[in-house]
Amino acid sequence: MASDINYQDGPDFSRRDESPAEDEPIHSPGSPRQTEYERIGGRTGSSFLQTLIHLLKGNIGTGLLGLPLAVKNAGLVLGPLSLLAMGIVAVHCMNLLVRCAHHLSPFLSYGDAVEYGMENVSWLSRHSLWGRRVVNMFLNITQLGFCCVYFVFLSDNVKQVVETANGTTGNCHNNQTAVIVPSYDSRLYMLFFLPFIIVLVFIRNLKYLAPLSLVANISMCVSLVLIYYYCLTNIPYPINLPLAGRGVDYPLFFGTAIFAFEGIGVVLPLENKMQNPRNFTTVLYLGMGIVTTLYISLGTIGYIGFGEHIRGSITLNLPLCWLYQAVKLLYSFGIYITYALQFYVSAEILIPPAVARCGPRWALMVDLSIRVALVVLTCALAILIPELDLVISLVGSVSSSALALIIPPLLQIITFHNEDMKLWVMVKDIGISLIGFVGFVAGTYISIQEIVARNMPSHSSNRSFIFNRCHQ
């Protein structure tokens with residue numbers, strides 16, 4: 001579930017001439033500057049509970065449903081332990097980002113924080129603008145990558161519901177279907193959804209999506225409860241699954257897992273909107289603790305429940321009865337609405353500069369044209385790679401690893417390097433960034449390798465056999 005916050009709320013310090021002085025000192029909590037900082041959010045800011053809900057929504061999405069397959073790739077013991085470690089590191093990096101932004105200037109975006117941080121280093125200062133551009137590039141790749149995943153998720157789940165409709169029964173205890181009616185290729189389902197998604201992103205103000213967003217969040221929550229219920233009540237005994245997966249599959253685990261921890265892009269906007277930003281650290285630890293618990297639990301019980309037949313989204317393994325077919329449709333509706341929320345982030349980065357270059361007469365036309373082009377781009381990429389698990393792993397490896405693991409520790413180094421950083425802190429930061437970089441390279445390579453392998457003719461001929469096996 002994506003966060004539906006407005007990324008333009010709060011003071012806009014995205015431009016140099018609107019930012020506080022760079023040499024402005026850091027003030028103590030009781031200073032006038034801190035009071036002003038709290039007062040900017042004011043009574044119109046988000047409360048503790050509202051911020052917590054937004055943080056949960058910003059981290060729980062399709063990545064959660066792909067974690068059982070991720071655990072399979074890592075192993076029954078190594079997978080959950082790796083998720084726990086990754087959750088701890090991801091939360092630590094989120095906290096680093098907030099601390100660095102506070103040190104540099106209040107109310108910064110992620111890109112602005114990196115730009116300001118690079119200005120602290122003499123040999124980087126002349127290139128500081130590229131810091132913001134690189135972060136915005138990865139944000140765009142991440143958000144549009146999410147949108148590609150949503151196309152694949154929608155097509156796979158709706159296709160399964162349509163093809164098994166004639167065999168759907170009221171019996172949820174027998175995970176079989178009597179009649180499978182082959183329909184169109186999943187790529188044609190993506191083209192079917194294309195005009196509906198284009199209409200959705202024409203809604204340029206998120207407040208008009210609020211009622212639909214509320215319904216979507218409720219439907220996704222209900223779906224998750226039913227998925228947990230089925231998994232917990234259908235755990236097979238004895239459990240005979242490998243404790244550690246193959247080493248060559250671990251990069252796929254890394255990409256999917258880091259994709260799931262997708263919320264670093266909403267951390268600073270959420271913190272900037274709080275009525276009392278000093279409480280954000282508590283919100284962050286509480287919210288991410290809940291998220292990590294959900295990830296580990298669903299990833300583990302989902303893999304235990306379906307074993308070697310687990311698919312890219314656990315919804316595709318659910319029984320073919322009316323209750324769980326409805327679960328797939330409910331979650332698909334939630335993902336459909338979430339597309340607009342994820343798309344909004346890229347739209348706010350890419351569209352305003354383009355509109356500023358044209359006259360008022362053409363502003364609306366340029367705005368809508370860019371929206372159509374971006375949606376068509378995400379649809380085209382999804383059609384080229386219609387493999388849900390590999391798209392998730394590729395997007396996670398390419399962009400999420402950079403935003404969540406590589407950049408925040410480096411930002412801490414360049415932000416505090418003149419303030420007697422301890423050696424162990426610097427070593428720790430370099431270590432985290434190196435782990436992120438290794439995951440970036442290995443995850444991207446293995447994901448692309450698997451994409452090529454799965455699109456070979458020999459693999460395509462086995463898809464119907466695999467579909468039948470995973471429902472027996």
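Keep in mind that this is a model prediction, so the values were computed, not measured.
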Flag side-chain contact, heavy atom, 4.5 Å: L410 against D429 = no
Backbone N or O of E115 within a donor-acceptor pair of the R132 side chain at under 3.5 Å?
-> no
Look only at the side chain of T300 and the backbone of S297, and say whether a donor-acceptor pair between them is shorter than 3.5 Å.
-> no
Donor-acceptor contact below 3.5 Å, side chain D156 vs main chain S186 = no
Do the side chain of Y150 and the main chain of Q342 share a donor and acceptor less than 3.5 angstrom apart?
-> no
Separation between OG (S393) and CG (L252), nearest 0.5 Å, reads 4.5 Å
Is the backbone N or O of V91 less than 3.5 Å from a side-chain atom of N95, with the two atoms forming a donor-acceptor pair by type?
-> no
I413 and I430: CA distance, side-chain angles, deciding distance, side-chain contact (heavy atoms from CB on, under 4.5 Å) verdict = CA-CA 9 Å; I413 292 175; I430 294 174; 3.9 Å; yes
Distance, nearest 0.5 Å, that separates OG1 of T338 from CZ of F333 | 9.5 Å
Output yes when a side-chain donor or acceptor of S313 lies under 3.5 Å from a complementary backbone atom of L316, and no otherwise.
-> no
Determine whether the aromatic ring centres of F261 and Y295 lie less than 6.0 Å apart.
-> yes
Does N317 reach the main-chain N or O of H309 with its side chain, forming a donor-acceptor pair under 3.5 Å?
-> yes
Is the side chain of H127 donor-acceptor paired with the backbone N or O of L124 at a distance under 3.5 Å, no angle test?
-> no
Donor-acceptor pair, side chain of S125 and main chain of E119, under 3.5 angstrom = no
Between Y230 and F306, how do the two ring planes meet: parallel, tilted or perpendicular, split at 30° and 60°?
-> parallel
List the atom of G312, the atom of L69, and the distance in Å for their closest heavy-atom pair.
-> CA-CD2, 3.8 Å
Out of curiosity, M220 CE to I227 CD1, how far, rounded to the nearest 0.5 Å?
-> 9.5 Å
In this structure, CD1 of I335 is separated from CG of L65 (nearest 0.5 Å) by 7.0 Å
Y445 atom OH, neighbour heavy-atom count above 12 within 6.0 Å = no
Nearest heavy atoms of G307 and L241, plus distance in Å | CA-CD2, 4.0 Å
Classify the ring geometry between Y250 and F253 as parallel (under 30°), tilted (30 to 60°) or perpendicular (over 60°).
-> tilted
Check whether any side-chain heavy atom of I197 sits under 4.5 Å from a side-chain heavy atom of L154, and report yes or no.
-> yes
Starting at OH of Y331, measure out to CD1 of I314 and round the result to the nearest 0.5 Å.
-> 11.0 Å
I383 backbone acceptor or donor facing R187 side chain under 3.5 Å = yes
